[in-house]
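Numbering starts at 1 and runs along the sequence shown.
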Amino acid sequence: MIRELFMTSRPVSWVNTAYPFAAAYLLTAGRIDWIWVVGTFFFLVPYNLAMYGVNDVFDHESDLLNPRKGGAEGAVLERTRHRGILVACAVATTPFLLVLGVAGSWPANLVLLVSMFALLAYSAPGLRFKERPFLDSLTSSTHFVSPAVYGLVLAGAHFNGPLLALLVAFFLWGMASHAFGAVQDIVPDRAASLGSIGTVLGAKWTVRGAALAYLASGLLLLFTTWPGPLAGLLALPYLVNVLPFANLADAESERAHAGWVRFLWLNYVTGFFVTMALIWYALER
């Protein structure tokens, strides 16, 4: 069961939610305290277990038709394990939410509530935002941007123009990434009668839309505090990664999986340069 929970939580993606919170809180508060430790661990493991665990349970039927599921990109769980996974998600997240809720202000708690709602709404029956084209990309991006917003609000950040430009750029990056990720699943999603931004727009237009969103995110960073404009160059590798698929036919959409694998590793490379930029920013303050 431990191994199943580990695989379900998508370890390769843990940093994508923990890092935004940790960086936002640390740069705003200027210190590492117990709230930073608790929040970072929450967004590192329990948050990802809940996000992907709920997804794996309620996407079981479609995942059986998806050849890329069953490994690092998503567990295919036995039905007998579903109840245990959901219980584990609740047990893992509830103590952290209670502690953070007591420690935080009402605006911070509101952001945390929105974050958890987006987590559940994406996959849970009755909501299933992942099956609502365009709303799927908006919700997915919220999964990764909301930890940063939460860290900022929790630490008492002042939201000015440059900071808002940074957050919008991050949100566009998240939407682009989700949309591109949806391309590889167009065929199995249609076979399972699931809607997505990819199934509606088709492969080539989804890729082109993702490319435009990446470009817009890079341009928005020109309006941020230095070295934010320099970090805007980090949008270029993502553009280079998706543009080869700009004329991809729907029937061959699974070819986009190669770009998705590169995307997963690209995040670590660009994450290094983002870290260097943040250190530069912190030293210049």
Measure the shortest side-chain to side-chain distance between [X] and [Y] over non-hydrogen atoms and say whether it is less than 4.5 angstrom.
X	Y	answer
T224	P229	yes
L86	F58	yes
F42	V99	no
W173	T270	no
T199	L194	no
N247	R208	yes
W260	L264	yes
M51	Y122	no

Strictly distance-based, threshold 3.5 Å: is any side-chain N or O of [X] a donor or acceptor partner for the main-chain N or O of [Y]?
X	Y	result
D185	V183	no
N55	S123	no
S141	L138	no
R262	V242	no
D250	A203	yes

Going from [atom1] on [X] to [atom2] on [Y], what distance comes out if it is rounded to the nearest 0.5 angstrom?
X	Y	atom1	atom2	value
T94	L98	OG1	CG	6.5 Å
L163	T28	CG	OG1	7.5 Å
Y47	H143	OH	NE2	5.5 Å
S217	L234	OG	CG	9.5 Å
I85	L49	CD1	CG	7.0 Å
L135	S140	CG	OG	11.0 Å

Path from [X] to [Y] over hydrophobic side-chain contacts below 4.5 Å:
X	Y	value
V240	F245	no
V57	V45	yes
V102	F43	no
F170	M175	yes
Y19	Y268	yes

[X] versus [Y], closest heavy-atom pair with distance:
X	Y	result
I186	G202	CD1-C, 3.9 Å
T142	A118	CG2-CB, 3.8 Å
A23	L278	CB-CD1, 3.9 Å
A277	P227	O-CG, 3.4 Å
L152	A24	CG-CB, 3.8 Å
A124	V54	N-CG1, 4.3 Å

Apply side-chain contact (heavy atoms from CB on, under 4.5 Å) to the pair L110 and W106, showing each step before the final yes or no.
CA-CA 6 Å; L110 180 60; W106 74 261; 4.3 Å; yes
**Prompt:** Are F96 and F41 an aromatic pair by the rule of ring centers under 6.0 Å?
**Reply:** yes
Of F180, Y238, F263, the one forming a ring-ring contact (aromatic ring centres under 6.0 Å, His included) with Y214 is Y238
- Message: Side chains of T17 and N48: any donor to acceptor distance under 3.5 Å?
- Response: yes
*asked:* Does W14, at its CH2 atom, have more than 12 non-hydrogen atoms belonging to other residues, nucleotides or ligands within less than 6.0 Å?
replied: yes
Apply side-chain contact (heavy atoms from CB on, under 4.5 Å) to L112 and L97, showing your working. CA-CA 8 Å; L112 187 59; L97 291 173; 3.8 Å; yes
- Could you go through the side-chain contact (heavy atoms from CB on, under 4.5 Å) check for M276 and I279 one step at a time? CA-CA 5 Å; M276 295 300 101; I279 292 174; 3.9 Å; yes
Salt bridge (Lys or Arg N to Asp or Glu O under 4.0 Å) between D189 and K130: does it pass, once the steps are laid out? CA-CA 11 Å; D189 280 351; K130 68 165 294 173; 5.7 Å; no
How are the rings of F21 and Y25 set to each other: parallel, tilted or perpendicular (split at 30° and 60°)? parallel
